[in-house]
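Reckoned from all heavy atoms, side chains included, excluding hydrogens, waters and symmetry mates.
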Amino acid sequence: MNGIDGKVALVTGAGSGIGRATAVRFAEAGAHVAVADIDTDGGEETVSLIEEMGGEARFYELDVTDETAVESTVGAVVDDFGGLDFAHNNAGIEGTVAPLTEQSLDDWDAVISVNLRGVFCCLKYELAVMADHGGGAIVNTASVAGLVGAAGLSPYYASKHGVAGLTKCAAIEAAEDGIRVNAVCPGVVDTPMVQRFTGGDEAAMEQTVAPQAMKRAASPDEIADAVVYLCSDDASFVTGVPMPVDGGYVAQ
Ligand code: NAD
């Protein structure tokens, strides 16, 4: 990918799944990677993976719902690496599977807090820093759940529709500062999040991937490739796009 080598990338939720895969992909492309997660063990493991392949990474313990912590983490990344060129706002939780009438307000608050407030907090400070440093590119992790509806996970779907909307607004506001903002909308990806849904059961996984034309889950690397592409110079005229990476889920 063009324009990644030597740059600085911050990835939230980088201690597992899609975030870890993106952190590794950024490092493979020559970026210095700030690995942020609420999970210290997972984050440190991602840093080790990157260091073992000769890349440069540093772990930042971060709860993305905490505005003050987000502000100081973004500041620390700039101090430690000399700038911030790319961000992947990816930390997320799934909530509880239940009809809307049985969802608790506590679960609603938790899901909206991590998935939507978290992305808002990150955007707020990343955009300010990038504007001061001559531009950059940001990718938020939305989901096919940000493009269509479904039964059983209404807080999650609402949060991801919010991420898609926030992405468009941020892209419009930041364009004049030389910052592009996009989102990836993955379908089913084989990560610990999906394993929690399926309980590792093959029949449950088959049922989960059934709405995808390709009838399989993506690997985290397939989402990471899309994120790094959207940050690269190869996507220099792409902004404000919630991009499906979904094996044909929303095409149907
Ligand atoms: P995952 O559970 O493997 O990873 C999520 C990471 O986010 C974990 O490391 C977790 O510690 C971190 N995290 C959770 N709350 C946090 C907080 N408050 N602050 C900082 N970090 C926090 O899940 P994943 O599948 O890799 O999911 C990553 C993103 O992709 C999420 O936003 C998810 O909604 C989205 N997504 C996943 C799928 C899928 O099928 N796996 C599909 C579409 C979208």
Side-chain angles (χ1 to χ4, degrees), residues 11-25 37-39 42 45-46 64 88-104 106-108 110-116 118-119 139-165 167 182-230 241-252:
V11 182
T12 72
S16 178
I18 294 169
R20 170 175 291 166
T22 306
V24 168
R25 274 290 193 264
D37 205 294
I38 200 167
D39 171 10
E45 208 178 309
T46 302
V64 293
H88 181 202
N89 299 321
N90 165 78
I93 58 173
E94 64 274 25
T96 304
V97 180
L100 191 152
T101 50
E102 291 167 26
Q103 292 281 350
S104 74
D106 282 349
D107 271 0
W108 167 268
V111 170
I112 295 295
S113 186
V114 178
N115 295 6
L116 189 51
V119 171
V139 178
N140 300 318
T141 301
S143 168
V144 291
L147 301 172
V148 299
L153 274 175
S154 48
Y156 183 80
Y157 276 64
S159 72
K160 294 301 186 179
H161 274 74
V163 171
T167 299
N182 292 290
V184 282
C185 298
V188 181
V189 189
D190 192 4
T191 68
M193 181 182 279
V194 163
Q195 293 299 331
R196 286 193 290 274
F197 272 122
T198 61
D201 180 64
E202 216 169 285
M205 182 58 119
E206 240 172 66
Q207 204 183 335
T208 308
V209 302
Q212 304 190 158
M214 292 174 72
K215 306 293 181 206
R216 67 167 178 86
S219 77
D221 287 344
E222 290 176 300
I223 312 305
D225 284 340
V227 174
V228 177
Y229 158 72
L230 285 170
V241 177
M243 186 173 92
V245 188
D246 67 349
Y249 190 115
V250 300
Q252 306 179 75

Legend entry - Side chain to side chain, T198 and Q207, heavy atoms closer than 4.5 Å: no
Inset, instruction - To the nearest 0.5 Å, tell me how far N115 CG sits from H161 NE2. - result: 13.5 Å
Legend entry - Residue E202 excluded, over 12 heavy atoms near CD under 6.0 Å: no
Inset, instruction - May I ask you to test the Y249-V148 pair for a side-chain heavy-atom distance under 4.5 Å? - result: yes
Legend entry - Atom pair CZ/OG1 of F197 and T191 - distance to nearest 0.5 Å: 9.5 Å
Inset, instruction - Without swapping roles, check the side chain of Q103 against the backbone of A98 for a donor-acceptor pair under 3.5 Å. - result: yes
Legend entry - From Y157 atom OH to L100 atom CG, the distance as rounded to the nearest 0.5 Å: 13.5 Å
Inset, instruction - Examine distances only and state if a side-chain atom of D107 and a backbone atom of G95 form a donor-acceptor pair shorter than 3.5 Å. - result: no
Legend entry - Side-chain (K160) to main-chain (T141) donor-acceptor, under 3.5 angstrom: yes
Inset, instruction - Work out which heavy atom in A217 is nearest to a heavy atom in M205; give both atom names and the distance. - result: CB-CE, 4.0 Å
Inset, instruction - Go through E102 and T96 one step at a time and tell me if the side-chain contact (heavy atoms from CB on, under 4.5 Å) criterion holds. - result: CA-CA 10 Å; E102 291 167 26; T96 304; over 6 Å; no
Legend entry - Minimum-distance pair of heavy atoms, taken over all atoms of P211 and T208: CD-O, 3.2 Å
Inset, instruction - Of all the heavy-atom pairs spanning P155 and I112, show the shortest one and how long it is. - result: O-CD1, 3.9 Å
Legend entry - Other residues, nucleotides, ligands: >12 heavy atoms within 6.0 Å of Q195 CD: yes
Inset, instruction - For R20 and P220, indicate whether the former's side chain and the latter's backbone hold a donor-acceptor pair under 3.5 Å. - result: no
Inset, instruction - Using modelled atom types only, decide if a donor and an acceptor are shared between the side chain of S159 and the backbone of Y156 within a distance under 3.5 Å. - result: yes
Inset, instruction - Show your reasoning for whether side-chain contact (heavy atoms from CB on, under 4.5 Å) applies to V209 and M214. - result: CA-CA 8 Å; V209 302; M214 292 174 72; over 6 Å; no
Legend entry - N140: side chain to side chain donor-acceptor pair (under 3.5 Å) partners, not counting sequence neighbours: N89, T167
Inset, instruction - Locate the shortest heavy-atom distance separating S16 from P192; write the atom from each residue and the value. - result: OG-CG, 3.3 Å
Inset, instruction - With the side chain counted from C-beta on, respond yes when I18 and V189 share a heavy-atom pair under 4.5 Å apart, and no when they do not. - result: yes
Inset, instruction - Compare all side-chain heavy atoms of V227 with those of R25 and state whether any distance is below 4.5 angstrom. - result: no
Legend entry - Single hit among V139, T12, I223 for side-chain contact (heavy atoms from CB on, under 4.5 Å) with H88: V139
Legend entry - Closest heavy-atom pair and its distance - A14, D37: N-OD2, 3.3 Å
Inset, instruction - May I ask you to test the L147-P244 pair for a side-chain heavy-atom distance under 4.5 Å? - result: yes
